[in-house]
Amino acid sequence: MKKFFQRTSLLLAAAFIGAATLQAQKSPQDMDRFIDALIKRMTVEEKIGQLNLPVTGEITTGQAKSSDVAKKIEQGLVGGLFNLKGVAKIRDVQKLAVENSRLGIPLLFGMDVIHGYETIFPIPLGLSCTWDMAAIQESARIAAVEASADGISWTFSPMVDISRDPRWGRVSEGSGEDPFLGGAIAKAMVYGYQGANLSNQLRHNDEILACVKHFALYGAGEAGRDYNTVDMSRNRMFNEYMYPYEAAVEAGVGSVMASFNEIDGVPATANKWLMTDVLRKQWGFNGFVVTDFTGISEMIEHGIGDLQTVSARALNAGVDMDMVSEGFVGTLKKSVMSGKVSMKTLDAACRRILEAKYKLGLFDNPYKYCDVNRPARDIFTKEHRAAARRIAAESFVLLKNSSIKQHPGSLPEPLLPLKKEGTVAVIGPLGNTRSNMPGTWSVAARLNDYPSLYEGLKEMMSGKVNITYAKGSNLIGDAAYEERATMFGRSLNRDNRTDKELLDEALKTAAGADVIVAALGESSEMSGESSSRTNLDLPDVQRSLLEALLKTGKPVVLTLFTGRPLTLTWEQDNVPAILNVWFGGSEAAYAIGDVLFGDVNPGGKLTMTFPKNVGQIPLFYNHKNTGRPLQAGKWFEKFRSNYLDVDNEPLYPFGYGLSYTTFEYSDIALSTPSMGQNGSITAVVTVTNTGKRDGAEVVQLYIRDLVGSITRPVRELKGFEKVFLRAGESKTVSFKITPELLRFYDYDLNHVAEPGEFDLFIGGSSQATKTARITLK
């Protein structure tokens, strides 16, 4: 009865200050009055409790009260929970907070909804290769609909870390190497999760709070090793790495996650310059900052203090919520009492968490995301799966497609698309594994409910093509390595037969086929968090299998599963066709079939450079010149910036991707060759589909600043447009160039557009050759 009156008192207070209606939510003043009144009623312990984000552990429906975290919730010592799946479980726990704690403050429920919920889309690196912002936003929108239907109100996405090092496993979770494209994708993802109307975000029960991560520079770790040190100039930070985070803030992102790495010798989680001076003061961010998993306690190992010290440093730096470490709930009261943390600072952090809950509408309706009827209606629907299939096919990148004689006496023709006839053998360790199809960071996936490549092709081609299968090899020769690479229920069920026995079976299967689809590459968990690699070749036994398949003389399509750029120099030289399918999500098998058999023309373009070997890394298109650059067309010159054993060029450049058709570009036409600081120039090209198939082309604009007050990159992406052209059709594509596109951070970190000359490049990759020169006065 006492708790009933406490809860009633809170609701009456809310009603009195006008926060329990939609109209009240639209007023910042009403929100401020509500939270002012609530904070005045909170004890120090309850304020600190709002800053605590523990992991749930196992909570089963109807047993929430018996879980370890339940006691802390009832004591007001928890602000949110994460990775609890199931609307019934979440409703039980929310009921604990609302009805059993003194103030009845609702909880946030977060989850790593990274590239879909139960309907899984391609891994983010694959999504980025669509260059289709509408499709990317749609994927996040569907993820928000499904997650919110299951009780989730907060996702730890998008990850926007720029990385030029494919040794780092988490490139799979990002959008590649370019900040301009990364910023566009960051905005699309935030709009998909939170709503596209900035003035009306988070008002509906199918919109969830986004969390941009990892702030900042996480993708630049030394040696490509996860969690490693980052050290770079602030000039490089702002010109090459920071924009995607800022773009997410511009899109209204509600929360930011601190990165694990240090910046300027201070871990990001305790870096006041980063969290307060840049994020809040310079960019105007008004949401809350959460640590990454145990980010606070890990600063002890960084060597900057004990748990109390690092907890105080984090809060004083501008971090608001502690994920898992329990440094805040364990030490902050002592720090407040001793004056190491001011009550004003604690109140500010608590306010930001309460504001997020208010903006989500949880004070008005704590069960906003707990409609038990929604999962059956909104999760893994036919419509969502159709969208996932379409977007997956759009993400695939055709790396090679040679013309070969497919039958004796026939004329050479491109191997892909395959004809819907005869027998196709799916061979390889990735050919019949359901659990690996969704890719890494698909924590809510129905791992065994999605078809494998073999199963999907067999279903699709029933009555048309005979689809056969052999494993051919294990994933990796080293059994211990394979175990490390197939965690979290993603086992490929290692075959105990000898390599020769597996190969003999594959060759027997190949002998009865007209075409071989070699399903090779990485397992889903060979990329992702804590999955750094130093050798980016195809694993040993897979290379041996591929060599043997090629020796059969049968046409071979390498269907490449990967979460990162691999070193494929040998494959490029020897395999007639290579289709990079990344990890395409729940509908990947069908999408791969759509592309292999020509129902969809591949149009994906790479967003990370593929090196020829690991020794070239880091290798990226928007690099600086040296004072001794290698001349165009040269491999090696003594006393120039080059290698003795390999040229400087990538295997596949940024922006590259083939099609089943061909495109030609006209010369660039300019509306005017020069502009003032308030002017603009329109650059126009005509793109023509010169092939026999309809297809999509990503038209890319790059700009080079020829003379700057500091050195500038050889070219930078500054515009792109994806156009669909029917066979023989031409379209005009125009780019508006303003001084804003020419801005950069100078030596003193002023954001400037310096007068001078600029070269434009427009084409189908970062190696575009159509060029024009403009002048900024």
Side-chain angles (χ1 to χ4, degrees), residues 53 156 159-165 167-171 173-174 177 179 182 211-246 248-249 255-283 285 288-325 327-328 331 335 340-341 349 529-532 617-618 745 749:
L53 182 68
F156 305 121
M159 191 192 101
V160 302
D161 302 313
I162 296 298
S163 182
R164 282 93 175 257
D165 194 334
R167 293 174 298 177
W168 187 51
R170 295 196 84 170
V171 300
E173 198 182 336
E177 69 190 43
C211 183
V212 68
K213 64 186 187 183
H214 306 83
F215 193 58
L217 315 180
Y218 185 39
E222 292 179 357
R225 204 171 75 236
D226 215 347
Y227 321 118
N228 207 7
T229 300
V230 173
D231 191 13
M232 69 172 69
S233 69
R234 292 191 179 184
N235 183 279
R236 189 171 200 182
M237 290 182 202
F238 281 96
N239 279 317
E240 301 177 32
Y241 284 85
M242 291 293 232
Y243 175 64
Y245 308 110
E246 185 180 8
V249 172
S255 62
V256 169
M257 182 179 289
S259 57
F260 286 118
N261 54 280
E262 65 176 64
I263 296 168
D264 286 344
V266 179
T269 308
N271 198 308
K272 188 172 184 179
W273 171 78
L274 190 67
M275 298 301 173
T276 298
D277 296 345
V278 175
L279 182 61
R280 297 195 185 281
K281 294 180 179 178
Q282 185 172 332
W283 294 349
F285 175 66
F288 71 89
V289 177
V290 62
T291 75
D292 206 335
F293 199 103
T294 64
I296 286 180
S297 59
E298 288 179 24
M299 290 192 289
I300 300 170
E301 291 291 343
H302 275 283
I304 65 166
D306 60 15
L307 186 60
Q308 182 181 352
T309 300
V310 296
S311 298
R313 287 190 65 170
L315 195 73
N316 287 330
V319 169
D320 305 305
M321 186 172 254
D322 172 8
M323 182 187 288
V324 178
S325 293
F328 284 177
T331 70
S335 293
K340 293 178 180 178
V341 171
E529 186 168 355
S530 190
S531 294
S532 297
I617 296 171
Y745 289 91
L749 297 184

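- The two residues Val278 and Met242 come nearest to each other via the heavy atoms CG1-CE, 4.4 Å.
- Side-chain N/O atoms of Asp161 and Tyr241 include no donor and acceptor closer than 3.5 Å.
- Classified by interplanar angle (parallel below 30°, tilted 30° to 60°, perpendicular above 60°), the ring pair Tyr745/Phe238 is tilted.
- Judged by distance alone, with hydrogens and angles left aside, the side-chain atoms of Tyr218 form no donor-acceptor pair with the main-chain N or O of Val230 at under 3.5 Å.
- Not one N or O on the side chain of Asp292 forms a donor-acceptor pair closer than 3.5 Å with the backbone of Phe260.
- For the side chain to side chain donor-acceptor pair (under 3.5 Å) condition, the pairs that include at least one residue of residues 263-277, sequence neighbours left out, are Arg234-Asp264.
- Under the side chain to side chain donor-acceptor pair (under 3.5 Å) criterion, Asn239 pairs with Asn235, sequence neighbours left out.
- Counting only distance, with no hydrogens or angles, the side chain of Asn261 and the backbone of Asn228 share no donor-acceptor pair below 3.5 Å.
- Here the side chain of Ser335 pairs no donor or acceptor atom with the backbone of Lys340 at under 3.5 angstrom.
- Side-chain atoms of Thr294 never come within 3.5 Å of backbone atoms of Ser297 as a donor-acceptor pair (strictly under, hydrogens ignored).
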Between Ile304 and Thr309, does the side-chain contact (heavy atoms from CB on, under 4.5 Å) criterion hold? Intermediate values first, please.
CA-CA 8 Å; Ile304 65 166; Thr309 300; over 6 Å; no
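- Scanning both residues, Val266 and Arg313, for their nearest heavy atoms gives CG1-NH2, 3.9 Å.
- For the pair Ala216 and Ser259, the tightest heavy-atom approach, listed with the atom from each and the gap, is N-OG, 2.9 Å.
- Scanning all heavy atoms of the two residues, the minimum distance from Arg170 to Met159 falls at O-CE, 3.2 Å.
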Candidate pair Tyr227 and Glu298, rule side-chain contact (heavy atoms from CB on, under 4.5 Å), full reasoning:
CA-CA 10 Å; Tyr227 321 118; Glu298 288 179 24; 5.6 Å; no
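- Looking at Asp320, its side chain never comes within 3.5 Å of a backbone N or O of Phe288 through a donor-acceptor pair.
- When the side chain to side chain donor-acceptor pair (under 3.5 Å) test is applied to Thr229, no partner is found at least two apart in sequence or on another chain.
- Within 6.0 Å of atom CZ in Arg225, 12 or fewer heavy atoms from other residues, nucleotides or ligands are found, so the atom counts as exposed in its surroundings.
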